[in-house]
Amino acid sequence: MRAIRAIAVNTFREALRDRILYLFLGFSIALLASSKLFGILTVGEQTKIIMDMGLAGIQFFVMLIAVMMSVLLVSREVDSKTVYYILAKPVRRWQFLIGKYFGLLSIVLVNLVLMTAVLLLFVGLYGGGFEPRLLLATGFIGVEMAVLVAFAILFSVLTKPILGSVFTLAIFVVGHVSEDLWLLTRHLPGSVGKTLVSVLYYAIPNLERFNFKTEVVHQLPVPMAVLSWALLYGGVFAALVLMLACWRFEGKDLQ
Amino acid sequence: MKRVVVSLVIVVSLLSISVVAEKALQGIEREDPLGRKLLYLPSAEMLELTSLGNEGLVADLLYLWSIQYYSKYQPHERFLYLETVYELITDLDPLYHDAYRVGALIMQLSTVDEEGQKQAVIRLFDKALRNMPADYEIAESAGWDMFIRYRDKTEGIRYFKAAVEIPGSPMRLRRFLAAWSEDEQGWTLEDAISYWTDVRDSSEDAYHRAVSERQIYRLIASRDEAVLDPVLQNWKLWRGRCPDDWQEVVDSGLLSQIPVDYFGRTYSIRSESCSAMGGDEVRFD
């Protein structure tokens, strides 16, 4: 546990030193500021547009951070051979990977919290008052990122950084449209095709399960059971993918 | 130093050329077939798919674009795809309150094929009511739009009826509904009295109760006048003059007692026309 924590803290510090994080943060703040511009162009309530823009912006920017940083930070350790120094200490390979995961997830979540604070401020300033339900939407963006970072770690172990980024991005895209895969099974003739698509559907995370933006923006009720199952689904999926990554990393030739 | 200056001059020159080129392009008229931008508008399903869970944002962007697009002066044909655009926006975000109201407002600007646009407005508002059955403001807007823009009280009444059935809708809607229904739907005095009594009994504040009472007073006075005026005319035919007060009429046996209004006050007699006076002509607090 101490080894995981030490690697996580170190990864967090390393990511903090990376200027790319500040760039993304600046971009997100600029995006939220542009909400004001869209607010001027609209007729009616500005708050809805600011919330929509802000939540989509937050999701997009933390996704970029998750995709790029996750893949870069692991491969960097391997490329620069620093991984040998770490693994020469009493640190198991799986501990190294789990530590990396939590370090990266922390930096993503810190950004998420900062961006959420900015969004809350904007919504408050432009007439929406304090909107605590926004925390629900951004909280589940955090859960979505936990799954995505796990995939990024898996791909960083399996392949090269650029390919890893592309694959993680693909998981993000496909994860948001996987509902349609499920709908596709209704139209497929024969049971083989249906089974294949069903397997594919369950193998890819349905990231829409963590999407509560509409409910938050329109003040719709969200059943506690939905939140609980979504949380469980995200946690289990991230754990599963991380296990696969650890298993692959254990047998990986780092030469 | 010299290299820096040369580089700077080159950068500034290139920037200037690009600005000049952009200015020149702005000044050249190009073929711009009407509705070109709208012809390739994707379906709601496609936009939903590509929005990656941000349908609300896509609806916002389309909504903002539509406001800018329809704000500019353009020929009447600009309304060609208007319903499609707002159908798309409200498919992406079925709870987009402002989009329904603003979409209907833009549709009402059309002076060509008014009946067609009116039907489009009705379809948009009906969709809004299906998607937001608890939103009385939409039904109220629809009612006012039908009444003010199209002078269609029948549709207006339909929307106001829908609005008053929504819990939390303000009492003023019931008042307007009653006023329009009296005119449009051929209500009898008894229908109107019954409706206003119901409004009074369900009012939660003094203001609306007072307004309802005033309406009830007016209606009962109209009903009483319809009975009392012939009595006064008979009395006048018999005596050759108008009675000075109701006691004379009672004494003659034409009435069993002095007639009183809704509040128990005696009606006046208008001497010049020899008729009972009540209703709107009597003020009360």
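As the structure is a prediction and not an experimental result, all values here were calculated from the model. A note on names: the letters A, B, ... follow the listed sequences, proteins ahead of strands, and every chain is numbered from 1.
Of the candidates A:Val173, A:Val174, A:Leu207, B:Leu52 forms a side-chain contact (heavy atoms from CB on, under 4.5 Å) with just one, namely A:Val173.
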Would you mind writing out the side-chain donor-acceptor pairs for residues 62-69 of chain A within the sub-3.5 Å range, not counting sequence neighbours?
none

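More than 12 heavy atoms of other residues, nucleotides or ligands shown are found within 6.0 angstrom of CH2 on B:Trp144. Other residues, nucleotides and ligands contribute at most 12 non-hydrogen atoms within 6.0 Å of the CZ atom of A:Phe102.
A heavy-atom distance below 4.5 Å is not found between the side chains of A:Asp52 and B:Asn54.
For B:Glu55, the part lying near chain A is the side chain, with the backbone staying farther off; criterion is any non-hydrogen pair under 4.5 Å. Looking at B:Leu105, neither its backbone nor its side chain comes within 4.5 Å of chain A, counting heavy atoms on both sides.
Using a 4.0 Å cut-off between charged nitrogen and carboxylate oxygen, A:Lys48 and B:Asp98 do not count as a salt-bridge pair.
Considering only heavy-atom pairs separated by less than 4.5 Å from chain A, the leading option among B:Asp93, B:Leu61, B:Thr50, B:Val102 is B:Asp93.
Residues B:Leu57 and A:Met53 approach most closely at CD1-SD, 3.3 Å, considering heavy atoms.
Close approach to chain B, defined as a heavy atom under 4.5 Å from one of its heavy atoms, is seen in A:Lys213, A:Thr214, A:His218, A:Leu220 of residues 213-223 of chain A, taken by number.
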